[in-house]
Amino acid sequence: MVSRTPPELESPPRIAVVVPCYRVSRQVGDLLRRIGPEVWRVYCVDDACPEQSGRAVEAAAADDPRIRLLVHSNNQGVGGAVVTGYRQAIEDGAEVIVKLDGDGQMDPALIPNLLAPLLNGEADYVKGNRFFRLEGLMSMPFARLVGNAGLSFLSKMSTGYWTLFDPTNGYTAIHAAVARELPLDKLSRRYFFETDILFRLNTLRAVVADLPMEARYGDEKSSMNLWRILGMFPWLHLRNTAKRLFYNYFLRDFSIATVHLLVGIVLVLFGVIFGGYHWIQAQHLARFASAGTVMLAGLPVILGTQLLLNFLSMDMTNIPRDPLHRRLPGRRITPVLLDLRRLDAAAAEEAELLEYRKSA
């Protein structure tokens with residue numbers, strides 16, 4: 001018995017790709033040609049590129065009707081370019097939005113793998129992870145390797161996604177229903193964008209998944225200043241950490257973890273301030289502090305530290321696990337065959353047999 005064509009193949013999901021373009025005039029054309037047929041539309045954002053990358057995009061668009069060019073009159077940074085692409089894709093009715101850098105470091109052949117957790121209803125946002133395989137690290141420039149590794153722990157604290165790594169990886173995919181819930185106007189417009197969006201996703205309780213990948217490095221030049229990033233990012237992480245704790249443990253929820261955090265902070269501060277004051281006083285009077293004074297200073301610090309460690313343990317397990325897009329209004333995306341270029345041999349034989357019977 002020959003089965004009819006599955007309905008999923010008749011209406012594939014609308015997959016959009018956003019490509020921020022800045023100083024990528026030599027690489028973006030080849031990148032666009034390698035984007036597979038599973039993609040419904042491609043939005044290239046010329047972020048006031050001094051190389052006029054938009055011309056290379058227009059040349060590629062002559063052969064590919066899926067490509068749309070969006071142009072910024074002023075440079076807004078990679079985050080600003082992605083936000084522009086997100087807005088246009090959402091307005092046009094995209095259901096999943098992939099972000100690809102225009103410099104060719106990200107292989108478009110991985111797009112089906114990136115989409116799978118979203119289309120299967122397992123995640124709301126998927127990002128690449130270049131640190132999963134040791135062999136892939138050998139091709140990464142040393143400065144980027146050190147910078148990414150050094151900022152990863154801070155990113156875990158500020159985003160709340162303790163199981164993720166490589167927070168600055170820009171190869172991402174997001175469910176459009178979840179993208180609509182993001183405060184796009186508040187997202188960082190510069191290189192902190194990838195980490196900032198993770199922080200915003202955590203406050204929405206969205207599920208995020210990592211995809212192991214290998215980055216490709218060629219002759220492209222990064223405009224990112226490593227020392228400036230290392231000096232600026234810690235403060236941004238500290239700000240987002242404070243916001244996340246307030247949103248998740250005070251504004252939208254109040255649990256035993258909140259009590260541990262509050263009491264732990266109070267005890268540690270009391271012990272440090274009390275102990276510091278009496279230590280200075282003892283030094284000034286040239287005498288030893290009493291055993292009781294030492295206990296009153298040390299015990300709160302010990303207990304407070306233990307409570308903060310308990311809170312940290314609870315926070316590490318408080319990772320969103322129920323995909324947000326399942327609870328949002330809108331059409332439910334049905335899992336489909338992602339790579340339309342590769343049909344199952346048995347299905348192809350069935351289709352051929354059906355045509356033969358019709359002709360007979």
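Treat the numbers as computed from the prediction; the structure is a model and nothing was measured.
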Between E194 and K127, does any NZ, NE, NH1 or NH2 come within less than 4.0 Å of an OD or OE carboxylate oxygen? no
side-chain hydrogen bond (donor to acceptor under 3.5 Å, both in side chains) between H175 and D124: does it pass, once the steps are laid out? CA-CA 5 Å; H175 197 291; D124 300 305; over 6 Å; no
Any salt bridge linking D315 with R244? Criterion: basic side-chain nitrogen under 4.0 Å from a carboxylate oxygen. yes
Taking the side chain from N75 and the backbone from A48, do they hold a donor-acceptor pair closer than 3.5 Å? no
Taking the side chain as C-beta and beyond, is there a heavy-atom pair between C49 and S25 under 4.5 Å? no
Quick check: does any side chain N or O of D46 sit under 3.5 Å from a backbone N or O of V71, one acting as donor and the other as acceptor? no
In Å and rounded to the nearest 0.5 Å, what is the NZ to CZ distance from K156 to F165? 6.5 Å
Shortest non-hydrogen separation from P20 to V82 and the atoms involved: CG-CG2, 4.2 Å
Under a 4.5 Å cut-off applied to non-hydrogen side-chain atoms, are V98 and I174 in contact? no
What is the minimum heavy-atom distance between L69 and G54, and which atoms define it? CD2-O, 3.8 Å
Output for pair (T159 OG1, Y161 OH), nearest 0.5 Å, gives 7.5 Å
Does R68 qualify as a cation-pi partner of Y43, given the criterion of NZ or CZ under 6.0 Å from the six-membered ring centre and within 45 degrees of its axis? no
Hydrophobic cluster identity match, L299 and L307, side-chain contacts under 4.5 Å: yes
Non-hydrogen atoms of V28 and A56 that approach each other most closely: CG1-CB, 3.7 Å
Residue pair N318 / N248, side-chain donor-acceptor N/O under 3.5 Å: no
Check whether any side-chain heavy atom of S158 lies under 4.5 Å from a side-chain heavy atom of T195, and answer yes or no. yes
Are the side chains of I319 and T163 in touch, meaning some heavy atoms are under 4.5 Å apart? yes
Is S53 reaching over with its side chain to a backbone N or O of V24, donor-acceptor style, under 3.5 angstrom? yes
Cationic N near anionic O, under 4.0 Å, D107 to R34: yes
Within the distance-only criterion (no hydrogens, no angle test), does the side chain of R252 pair as donor or acceptor with the backbone N or O of T203 below 3.5 angstrom? yes
Which pairs, with at least one residue in residues 176-187 and sequence neighbours excluded, count as a side chain to side chain donor-acceptor pair (under 3.5 Å)? R87-D185
Provide the closest heavy-atom pair for G104 versus L31 in the form atom of the first, atom of the second, distance. CA-CD1, 4.4 Å
Evaluate R205 against L324 for side-chain contact (heavy atoms from CB on, under 4.5 Å), listing each step before the verdict. CA-CA 7 Å; R205 306 300 293 165; L324 175 63; 5.9 Å; no
Heavy-atom distance under 4.5 Å between the side chains of V19 and D101, does that happen here? no
So CZ of R14 and CH2 of W40: to nearest 0.5 Å the spacing works out to 6.0 Å
Among pairs that include at least one residue of residues 270-285, which meet side chain to side chain donor-acceptor pair (under 3.5 Å), considering only residues two or more places apart or in two chains? none
Please check if I35 and M213 belong to a single hydrophobic cluster, counting links between Ile, Leu, Val, Met, Phe, Trp and Tyr side chain heavy atoms closer than 4.5 Å. yes
D322 vs R327, test: side-chain contact (heavy atoms from CB on, under 4.5 Å). Steps then yes/no. CA-CA 9 Å; D322 181 22; R327 294 173 274 130; 3.2 Å; yes
Please check this pair: side chain of D103 against backbone of Q27, looking for a donor-acceptor N/O pair closer than 3.5 Å. no
Donor-acceptor under 3.5 Å (N240 side chain, F199 main chain): no
Do we see a donor-acceptor contact under 3.5 Å between the side chains of T293 and S290? yes
For residues 253-276, which side-chain N or O atoms pair as donor and acceptor with protein atoms under 3.5 Å away, sequence neighbours left out?
residue	atom	partner	partner atom	Å
S255	OG	A257	N	3.3
T258	OG1	Y249	O	2.8
T258	OG1	S255	N	3.2

What orientation do F192 and F233 show, parallel under 30°, tilted 30 to 60°, or perpendicular over 60°? perpendicular
With respect to Y86, which candidate in V45, L184, L187 satisfies the side chain to side chain contact (heavy atoms under 4.5 Å, CB included) definition? L184
With clusters defined by side-chain heavy atoms of hydrophobic residues (ILVMFWY) lying less than 4.5 Å apart, directly or transitively, does Y171 cluster with V207? no
Among the clusters formed by ILVMFWY side chains lying less than 4.5 Å apart, do L328 and I197 turn up in the same one? yes
N/O donor-acceptor pair under 3.5 Å between D47 side chain and Y22 backbone: no
Counting C-beta onward and ignoring hydrogens, is there a side-chain heavy-atom pair between I67 and C44 closer than 4.5 Å? yes
Straight-line distance of C21 SG to R55 CZ, nearest 0.5 Å: 14.5 Å
Given L115 and I15, is the side-chain contact (heavy atoms from CB on, under 4.5 Å) satisfied, shown in steps? CA-CA 9 Å; L115 297 174; I15 310 299; 3.8 Å; yes
Starting at OG1 of T241, measure out to NE2 of H237 and round the result to the nearest 0.5 Å. 8.0 Å
Flag yes if more than 12 heavy atoms outside R190 fall under 6.0 Å of its CZ atom; otherwise flag no. yes
Hey, is the main chain of G80 close enough, under 3.5 Å, to the side chain of T84 for a donor-acceptor pair? yes
What's the separation between atom CD in E122 and atom CZ in R321, rounded to the nearest 0.5 Å? 14.0 Å
Before you tell me yes or no, could you show the steps for N129 and L164 under side-chain contact (heavy atoms from CB on, under 4.5 Å), namely the whole-Å CA-CA distance, both residues' side-chain angles and the distance that decides it to 0.1 Å? CA-CA 8 Å; N129 180 6; L164 301 182; over 6 Å; no
Path from F193 to L204 over hydrophobic side-chain contacts below 4.5 Å: yes
If you compare all heavy atoms of P112 against all heavy atoms of A109, which two are closest, and at what distance to 0.1 Å? CD-O, 3.3 Å
Validation row: V208, V126 side chains within 4.5 angstrom (heavy atoms): no
Which pair of heavy atoms, one from S152 and one from P167, lies closest together, and at what distance? OG-CD, 3.4 Å
Within the 4.5 Å heavy-atom criterion, are L32 and D64 side-chain neighbours or not? no
